[in-house]
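Please read the structure below before turning to the comments.
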Number of protein chains: 2
Amino acid sequence: MNKFTPSPLGAARLRDRVLAPRITACREVTIPSSLRRCDETGRLAAFRLEWKPGMPNPPHRFWDSDVAKVLEGMAYMLRLAPDPAMEAELERLIALVISAQQPDGYLNTRYTVVEPELRWVNLGINHELYCAGHLIEAAVAHFEVTGRRNFLDAMCRYADYIATVFGRGPGQKRGYPGHEELELALCRLARVTGNPKYSDLAAYFVNERGRSPNYFAEIEHSVPAEKLYQEQAHLPVRDQHEAVGHSVRAVYLYCGMADVAAATGDAGLMKACEELFDDIVSSKMYITGGIGSLRENERFGVSYQLPNDSAYAESCAAIGLALFARRMHNLTGDGKYMDVLERSLYNGILSGLGLTGDVYFYQNMLEVNECSPYDRTRVPWFSCSCCPTNFCRFLPQLGTLAWSVREGELRLNLPAAADYDDGRCRFEVRGGYPYDGRIAITCRCTGSFAFSLRIPGWCRRFTLRFNGRRLRAAAERGYVTLERDWQPGDRIELELAMPVEVVRAAAPVRADAGRVALTRGPLVYAVESADNPGGFHQLLVDARSGFTLGSVKGLPAGTVAIRGRGRREILNSDALYTTNRPKFRSCRFTAVPYALWQNRGEGEMAVWLREWF
Amino acid sequence: MNKFTPSPLGAARLRDRVLAPRITACREVTIPSSLRRCDETGRLAAFRLEWKPGMPNPPHRFWDSDVAKVLEGMAYMLRLAPDPAMEAELERLIALVISAQQPDGYLNTRYTVVEPELRWVNLGINHELYCAGHLIEAAVAHFEVTGRRNFLDAMCRYADYIATVFGRGPGQKRGYPGHEELELALCRLARVTGNPKYSDLAAYFVNERGRSPNYFAEIEHSVPAEKLYQEQAHLPVRDQHEAVGHSVRAVYLYCGMADVAAATGDAGLMKACEELFDDIVSSKMYITGGIGSLRENERFGVSYQLPNDSAYAESCAAIGLALFARRMHNLTGDGKYMDVLERSLYNGILSGLGLTGDVYFYQNMLEVNECSPYDRTRVPWFSCSCCPTNFCRFLPQLGTLAWSVREGELRLNLPAAADYDDGRCRFEVRGGYPYDGRIAITCRCTGSFAFSLRIPGWCRRFTLRFNGRRLRAAAERGYVTLERDWQPGDRIELELAMPVEVVRAAAPVRADAGRVALTRGPLVYAVESADNPGGFHQLLVDARSGFTLGSVKGLPAGTVAIRGRGRREILNSDALYTTNRPKFRSCRFTAVPYALWQNRGEGEMAVWLREWF
């Protein structure tokens, strides 16, 4: 049922200035440092199952998932850059993980050694099935990259065991994951093994969710009825029209729903996915593509509740939204999903990771100052360290997001400079995207197929040339398609108009009233005290006086800054409250890509600025 | 050492349209309903000491204080309005309270029946000494009003016992209250009994606080060192120059410090009080006189951290600030303290109580809408119900705040309409204050003394007439003084200019950037959806087009509304983010006194509004 599939891992080799260095840093820094942290914190040793009651540092309920995500990332990375040492390490760790599997197929460190009596007891609040999902994803990745079946077979045994425990048969538990993830993992397992029993199990988990009597509230008693929305278990999924609750759980569920829809052709599920996606994008997504605005339970706010200074916008939630958007694109072929994926990727996802590759934001605020409620600097690890390990596995997949394929068609979603070679099609993409809208694409293969280029939703004017000749083409659902017999040397020149845009949030968004954000192409910009005097609440942007582009010190070569003019508000008062009137002094300011803020020391930052009329 | 004392309870009979009805509602509704809640929730029965392990609803650590505050309020109210039924009820309840006293003098329901082994064990987090303070205040009030000694004697025995437990002597605990209150209560007890041992004990508590080794962190281990600021125990009090931590605890401590300074003439303590007061008023107080801006630990934010939508600004904290301001006025005679008292009283305190007298805000937000984090409506009670019971005892004291005395001088601090008679001086005050700045004062006595009138800090122009003749008088430290031989019929006419003022917050206050508040006289105004279409983030105030005054439906007769003009921002967009530009449509709006908002049903409210330039 999927119209498109991601391009094969490794087909696209990114060569741009933004994404490619992140992948390199992921290989050189993010994965090794995450592995080291997993080791130091006991996450690796946990799989030896040597913990005994009374010992310190018992395996935590989400530890297994952290290790799994690093293993998944290592596998992908081996495809991008063969590395015998990393491969040997991966195999060693996989052997360690498999060694923890129980005779019945169960594999969870905590509930094997710490609380064996609680196996499958509190699905609503525990993370067993979530951890299982990440282990399965890791095993699928390992098999896809290496062709080795040891991890995959072990995880099939685990999934087979889970299928005996959960279901609608006699004696089975009618439960489902409290933290979703297993659903999508089972669909991946079904695809790679060709065995539909795994997608059937995923479909069971998706379809059983939220039914009456409610498993969490009325059978297991782990979650009170009024909190079920937090786990998206308050209604059957087809009756959920609004994205609510824990945002990471939500988008992981929606990924699973989309995968089940793809596997089964379930139109009702597909419609639910579309509605939930539209709900997020129309009322619950930051301009950065971050979601889950509230710290309380890491959840979605009500519609338009998008505070900037206390924005939670967890890195994992933005990654999850991109994964959901990818699935919706694959299901529908609609470019609007890639618009969201691109927005999240270049802004709310990459902001979560420092350029060095080893420091992270868990919360991605849109305004940071002395009143900020969260960490104002990226830190190397978290006790709940889902975000670092999510980068380990997400970044190596960027090439598969940038290009999609289907029979007879190759799609360029993100025109970042790259060499593409999937064995049949070969193309070179050159240019400075996302800082430059001029993209040159050269064919290096022969064949008759369609080549589609995404015309981003943010782009209001573009020109397209084929072998020097201007083509009049209109984008259809976000793409222009060139269907022809390709010859080596055929050359496409796409120019996406990329002016600085002055963006406003829709009327109901209280936090952004009277404020504007600056964007250019897919990038959201922010002012940072590294480039400007602080006190950004006193800086007003003059949108009419135009903007210039420039470079900026201390950020990677090629980074494009926006320079603008505005006013500084000056209010002289000795008292806290005054009837004095403010004055406004002309000023200039520099804005840098939001994702790159706080790579030059601590300071203040703001995305939304007051507007000078 | 005090320059002034509050006027005697009952000397001032308020007859105005704002305060007097609140006192009436307190007598008729607030006190009876609080008593009923204390009964229904088990707070009264707790004093029977019949709770046994295994029974439900064990007495809570702060329950005793709730009952004490209602008793204190009942005593005051009996002086304002003799009521044999209420008096009998008060005596019955006092007998019940006293019956719970232990042979050694100890009196605390929880630590007598629930956790007797924890008596005095966790001062840092428990509320034993806090409850003792409120019981003592109630006993002092009861004695002052009725002359009966039973409660007072019992509380002296309790204080005597406490003095054996705590102190610097051998075998004594070097502890002090985790939640301050006892310090000020002991000073009251010393004044009413004439026994300095109680103020000495208060001085010990004040002076021992925060010394090294730290009692909470290093001896009792109840509070980690980095959290000591929360209880103002991070430094000796003289080294505390900034108001930090739990705001109610803070101002209760500062009251105790001021009382000890008054009792002992300790200039260092006095200076610390002045610095702490100035720190609050210059950087940590809402325009409403609310303090403690953060929900987290109910604490002060950093300087200028004054969020509107998540303003915590607990009702009790505003009351505590008024009590601190009264003490600072009494110590110094400076009207600037009365400015703060008046600001808190007419705004951030009265907002905490519905006009019906039986519904309360715990948090007093300055902006309420669909994103608000707290209760958007006043509710009848809280599990931690300090605020309702604080109103029970605060409101009957309003007359004693409005007038102060010292030998040879009578001071009118709040020129609300009133009849004043302290046995020597008799005056009538008439006028519509705080809605009208014209105040007529008629002498009804004979005598040679000074009569001082406060010229509020908010007032920029006033005229004063004595027996029809204009006087040229300048205010000195906030007061003009008429010293003469008073004759019955002598008439003072004071006119305080009371235009609508457009107020801005000082430059560092981020939450109020680009926003204005409207005030008139001591009143802060707010727009409320009862009078205006909602979406106040899209309403811009045009300060140049002037304001008119008017009445408003559904609020008490005489309430003055402000009507103004401005613009409504209109931004048409189907998308959450847009490059569309807003339009602005002329509009009118009505603002009502902040303290009266949400007395006409649920809705949106805002104090700080965007300004139209």
Side-chain angles (χ1 to χ4, degrees), chain A residues 281-287 293-294 296 301-307 309-310 343 367 369-371 373 457-458 460 501-515 517 519 535-538 540 543 569-582 584 610-613, chain B residues 281-287 293-294 296 301-307 309-310 343 367 369-371 373 457-458 460 501-515 517 519 535-538 540 543 569-582 584 610-613:
Chain A
V281 170
S282 65
S283 73
K284 299 192 173 84
M285 180 184 71
Y286 285 102
I287 191 172
S293 58
L294 302 189
E296 187 193 17
V302 298
S303 291
Y304 309 108
Q305 186 174 18
L306 295 163
D309 51 357
S310 64
R343 184 190 287 275
E367 182 175 320
N369 53 57
E370 71 281 0
C371 302
W458 52 258
R460 295 197 263 187
E501 302 273 14
V502 178
V503 178
R504 292 169 191 83
V509 183
R510 291 177 184 273
D512 301 335
R515 292 175 187 260
T519 65
F536 294 137
H537 62 299
Q538 295 166 303
L540 288 81
E569 181 175 356
I570 316 284
L571 178 62
N572 293 314
S573 170
D574 293 331
L576 184 53
Y577 301 105
T578 177
T579 54
N580 294 351
R581 292 184 62 86
F584 296 91
R610 292 166 63 194
E611 185 168 11
W612 173 257
F613 286 104
Chain B
V281 170
S282 65
S283 73
K284 299 193 173 84
M285 179 184 72
Y286 285 102
I287 191 172
S293 58
L294 302 190
E296 186 193 18
V302 298
S303 291
Y304 308 108
Q305 187 173 18
L306 295 163
D309 51 357
S310 63
R343 183 190 287 276
E367 183 175 319
N369 52 58
E370 71 281 0
C371 302
W458 53 257
R460 295 196 263 188
E501 302 272 14
V502 178
V503 178
R504 293 169 190 82
V509 182
R510 292 177 184 272
D512 301 335
R515 292 174 187 261
T519 65
F536 294 138
H537 62 301
Q538 295 166 303
L540 289 81
E569 181 175 355
I570 317 283
L571 179 62
N572 292 314
S573 170
D574 293 332
L576 184 52
Y577 301 104
T578 178
T579 53
N580 294 351
R581 291 183 63 85
F584 296 91
R610 294 165 62 194
E611 185 169 10
W612 173 257
F613 285 105

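In what follows, chains are A, B, ... by sequence order, proteins preceding strands, each numbered from 1. Not measured: the values here are computed from a predicted model.
- Interface check for chain B: of the options Phe584(A), Phe536(A), Trp458(A), the most heavy-atom pairs under 4.5 Å are formed by Phe584(A).
- Only the side chain of Gln538(B) comes within contact range of chain A, judged by heavy atoms closer than 4.5 Å.
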message = Evaluate Val281(A) against Leu576(B) for side-chain contact (heavy atoms from CB on, under 4.5 Å), listing each step before the verdict.
response = CA-CA 7 Å; Val281(A) 170; Leu576(B) 184 52; over 6 Å; no
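- Using a 4.5 Å cut-off between heavy atoms, Ser282(B) touches chain A through its backbone atoms (N, CA, C, O) alone.
- Between chain B and the residues Leu571(A), Asn580(A), Asn369(A), Val509(A), the largest count of heavy-atom pairs under 4.5 Å involves Asn369(A).
- The minimum heavy-atom distance between Tyr577(B) and Val503(A), with the atom names listed, is CB-CG1, 3.8 Å.
- For Ala507(B), the parts lying near chain A are the backbone and the side chain together; criterion is any non-hydrogen pair under 4.5 Å.
- Interface remark: Arg610(B) contributes side-chain atoms only to the contact with chain A (heavy atom separation under 4.5 Å).
- Counting heavy-atom pairs under 4.5 Å between each of Met285(B), Glu611(B), Arg581(B), Arg510(B) and chain A puts Arg510(B) at the top.
- Proximity to chain A is limited to the side chain of Phe613(B), based on heavy atoms less than 4.5 angstrom apart.
- Looking at Val502(B), only its backbone comes within 4.5 Å of chain A, counting heavy atoms on both sides.
- Of the listed residues (Ala505(B), Ser303(B), Gly535(B)), the greatest number of heavy-atom pairs within a distance under 4.5 Å of chain A belongs to Ala505(B).
- Annotation: maximal heavy-atom pairing with chain A below 4.5 Å, among Pro373(B), Pro582(B), Ala543(B), occurs at Pro582(B).
- Annotation: maximal heavy-atom pairing with chain B below 4.5 Å, among Ser573(A), Ser310(A), Pro508(A), Ala517(A), occurs at Pro508(A).
- Heavy-atom distances place no part of Pro307(B) under 4.5 Å from chain A, backbone and side chain included.
- Each of Gln305(B), Glu501(B), Lys284(B) has some count of heavy-atom pairs under 4.5 Å with chain A, and the biggest count is that of Gln305(B).
- The greatest number of non-hydrogen atom pairs below 4.5 Å with chain B, out of Glu569(A), Glu296(A), Arg460(A), is found for Arg460(A).
- Atom CG of residue Asp309(B) and atom CD of residue Glu370(B) lie 10.5 Å apart, to the nearest 0.5 angstrom.
- Taken to the nearest 0.5 Å, the OH atom of Tyr286(B) stands 8.5 Å off from the CG atom of Asp512(B).
- Neither the backbone nor the side chain of Ile570(B) comes within contact range of chain A, judged by heavy atoms closer than 4.5 Å.
- For Ser283(B), the part lying near chain A is the backbone, with the side chain staying farther off; criterion is any non-hydrogen pair under 4.5 Å.
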